[in-house]
Amino acid sequence: MRRIACLALLAACLHPGHCAAEVRVLLARTIHTGDPAQPAAGALAWDTDNGRVLAVGTAAALLQRYPQAPRIDAGEATVVPGLIDAHAHLLYLGYTLMQADLIGARSKDEVIERLRAFVIDVPQGAWVRGNGWDQNLWPQKTFPTRADLDAAFPDVPVWLDRVDGHAGWANSAALRVIAGREGTRPLAGDWQPEGGRIERDGTGQPTGVFVDGAMHLVTDAIPALDEASRERALALALEKAVSNGLTGVHDMGVSRADLALMKRFAAQGRLPLRIDAYAYADGNQGALDDLCRDGPYRDAGGRLKMQGVKLFMDGALGSRGAAMLADYSDDPHNRGLLVTSPEDFETAVRKAGGCKLQVATHAIGDRGNRIVLDTYEKVLGSRKGEDHRWRIEHAQVVAPADIPRFGKLGVIASMQPTHATSDMGWAEQRVGPKRIKGAYAWQRYLKSGARLALGSDFPVEQVDPRLGLYAAVTRQDRAGQPPGGWQPEQRLSAAEALRGFTRDAAWAGHDEQQVGRLQPELRADFVILDRDPLTVPADQLGELKVLSTWVDGEPVYQATGTAAVR
């Protein structure tokens, strides 16, 4: 099988100014367009001046139409529309790439080993940072304590983010830093911060784990990164994203400072993909005020925009912070956390709606989702049938009676397939056999008439849409377990999964007239894969190779080690 590789033309196009042709033609065994009127083609032509598709069709027809156009022959490879991650965190990914990687650690001892390998020398006043621990993978399946870190790091403050970003683990040195800050309330006792929880022992002393709204007690004490480090973080994240075939990202929770950094990258031509930024709204101020005052933002090059706001309703399931209608099945008397009061949430939604902004809300538990649906319905009123495209991010555990409301209200279910396969080993223990039927229920949403916009929530999960395709179609882990898939009736077809990462993700970002399909007048954003995701065995979806990633008809990533095709 021939594979696309380092064509002389493609290699030259990796250097600005070397591509002077007005039209370019790509040939491939299969081009999946995402256009129901013409779902497959053998050739694609685009205008190199504006990066927009001119035509799709057979190789013979396009070569006859553009006989002088430079051509790229992808041989037996498959082309799909550019993959869009509908829920991700770019800068957070960049920061984790600069920290100790704790993802997949199978014990507290392994966490310590990885930290020791990562830490060579800690400058005076610096903290040891890590990301990705998950107590559900450990034999005890219980939260760790500061004592677990103290033996290895008695004097250096340590702060480790949980895999979901909704809890953190500190050592005693970190707690001493907090205690030494002026005006800090003692951490011991029985009080709890709003929207959060300090884990404490039987004597009221903090154990070292802070959940959701309590995390800021630690993070506020950590020295802020300088601008050079923030630039490095964004650059690392962008490089990682395009190498995995992403041409677009819906970045959930972008601060004023983050947007300013992204604008600078866009102005410097350093954005290799499209970012649909959702402002992080701390209540109803900050970035939301900016959007209401100035209106939605879109840069002239079409690579960066902000037209919506990200709100929070509850915490995460893994840390038992998701707001539930009844007690956790494995933790009586605990129903999770509302990180925003229903009253404050309604105020923020009304403000965003009044400013004509798209609203996206994090909701994981069935109570959290119900509050969001109730609030959306109340605020939208007679407008609920309009094309508002408001979203619920995660929609992870939803009361079955509430699932049909997504379609009726026109609310997008923005979901992450790998969350299901990461959580399936313990999710039913959290919510029990009855509530689990409304969890990660992708087919139920589709049958209700709702749209599924798919993503990863990276760096909570890996920044790899191929793993999302695999999880969506198999509902299995990478070892193929459980046989037949977990709750297999909720599996998506390969076509449904690909649509969730392309056409429907674009629609969720109000970008369906720009990206998500390969058809005339839309952007020439596409990915060249070594095999066809719609025909390979499902267990191979995670192993597809990204040969190159293209945005506006220009390559932004090319795999190494492939033979040239002349």
Side-chain angles (χ1 to χ4, degrees), residues 34 83-88 248-253 274 276-279 281 296 305-314 345 348-349 352-353 356-364 366 368-380 383-399 402-417 419-420 438-457 465 468 472 490 492 496-517:
L83 299 171
I84 303 167
D85 192 310
H87 185 112
V249 168
H250 296 183
D251 199 328
M252 288 291 160
R274 304 186 198 285
D276 187 356
Y278 285 77
K305 67 173 184 172
M306 181 180 278
Q307 63 184 4
V309 62
K310 163 77 176 298
L311 304 173
F312 280 88
M313 179 45 60
D314 63 355
F345 177 68
V349 172
K356 307 299 183 185
L357 300 174
Q358 186 180 22
V359 181
T361 305
H362 165 114
I364 288 184
D366 52 10
N369 277 278
R370 180 167 291 176
I371 291 172
V372 175
L373 288 168
D374 288 348
T375 305
Y376 281 3
E377 185 168 18
K378 182 179 179 181
V379 172
L380 286 168
R383 295 174 48 225
K384 63 185 179 183
E386 296 178 4
D387 188 19
H388 54 80
R389 304 192 199 184
W390 288 6
R391 306 163 50 142
I392 293 184
E393 305 303 313
H394 310 307
Q396 207 160 299
V397 182
V398 179
D402 284 336
I403 291 177
R405 299 177 66 191
F406 282 75
K408 290 177 182 178
L409 292 172
V411 173
I412 297 165
S414 173
M415 305 182 77
Q416 300 75 47
H419 279 343
Y440 319 91
W442 309 321
Q443 283 295 343
R444 288 190 177 93
Y445 287 99
L446 290 180
K447 290 173 183 175
S448 78
R451 294 227 191 193
L452 283 182
L454 300 182
S456 68
D457 199 14
Q490 296 305 315
L492 298 178
E496 289 169 336
L498 183 61
R499 189 179 72 210
F501 279 104
T502 54
R503 192 174 78 194
D504 284 354
W507 192 86
H510 289 273
D511 259 350
E512 72 276 12
Q513 297 304 317
Q514 299 291 325
V515 294
R517 293 160 291 150

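Numbers here simply count residues along the sequence, with the first being 1.
Considering every non-hydrogen atom in both Gly468 and Pro417, the closest pair reads O-CB, 3.4 Å. Of all heavy-atom pairs spanning Trp390 and Gly353, the tightest one is CZ2-CA, 3.9 Å. Residues Asn369 and Val398 share a closest heavy-atom pair of CG-CG2, 3.6 Å. Listed here is the closest heavy atom pair of Ser414 and Arg391: OG-NH2, 3.3 Å. Summarising the geometry of Met252 relative to Ala86, their closest heavy-atom pair is CE-O, 3.9 Å, with the distance given to 0.1 Å. When every heavy atom of Phe406 is checked against every heavy atom of Ala450, the shortest pair comes out as CB-CB, 3.8 Å.
Side-chain atoms of Tyr445 never come within 3.5 Å of backbone atoms of Tyr440 as a donor-acceptor pair (strictly under, hydrogens ignored). Under a 3.5 Å cut-off, the side chain of Lys356 and the backbone N or O of Pro296 do not form any donor-acceptor pair. Looking at Asp504, its side chain never comes within 3.5 Å of a backbone N or O of Arg451 through a donor-acceptor pair. Side chain of Gln358 to backbone of Arg389: a donor-acceptor contact under 3.5 angstrom is found. Although no hydrogens or angles enter the test, the distance criterion places a donor-acceptor pair under 3.5 Å between the side chain of Gln490 and the main chain of Arg444. Under a 3.5 Å cut-off, the side chain of Glu512 and the backbone N or O of Arg517 do not form any donor-acceptor pair.
Ring orientation note: the planes of His394 and His87 are tilted relative to one another, at an angle of 30° to 60°. Using bins of under 30°, 30° to 60° and over 60° for the plane-to-plane angle, the ring pair Tyr278/His250 lands in the tilted bin.
The pair Lys305-Asp511 counts as a salt bridge, with a side-chain nitrogen and a carboxylate oxygen less than 4.0 angstrom apart.
One distance of note links CZ of Phe345 with OG1 of Thr361; it measures 3.5 Å at 0.5 Å rounding. The distance from the CG atom of Asp276 to the CD1 atom of Ile84 is 9.0 Å, given to the nearest 0.5 Å. Taken to the nearest 0.5 Å, the CZ atom of Arg405 stands 12.0 Å off from the OG atom of Ser448. In this structure, NZ in Lys384 is found 9.5 Å from NZ in Lys408, a value given to the nearest 0.5 Å. Note that CG of Leu373 is 6.5 Å distant from CG of Leu409, once rounded to the nearest 0.5 Å. In this structure, Leu380 CG and Thr375 OG1 are separated by 10.5 Å, a value rounded to the nearest 0.5 Å.
Residues Leu311 and Val359 are in side-chain contact: their nearest non-hydrogen atoms beyond the backbone lie under 4.5 Å apart. With a 4.5 Å cut-off on side-chain heavy atoms, Leu492 and Leu454 count as touching. Counting only heavy atoms from C-beta outward, the side chains of Leu498 and Leu83 approach each other to under 4.5 Å.
Among residues two or more places apart in sequence or in another chain, the side-chain hydrogen bond (donor to acceptor under 3.5 Å, both in side chains) test is passed with Lys378 by Glu346.
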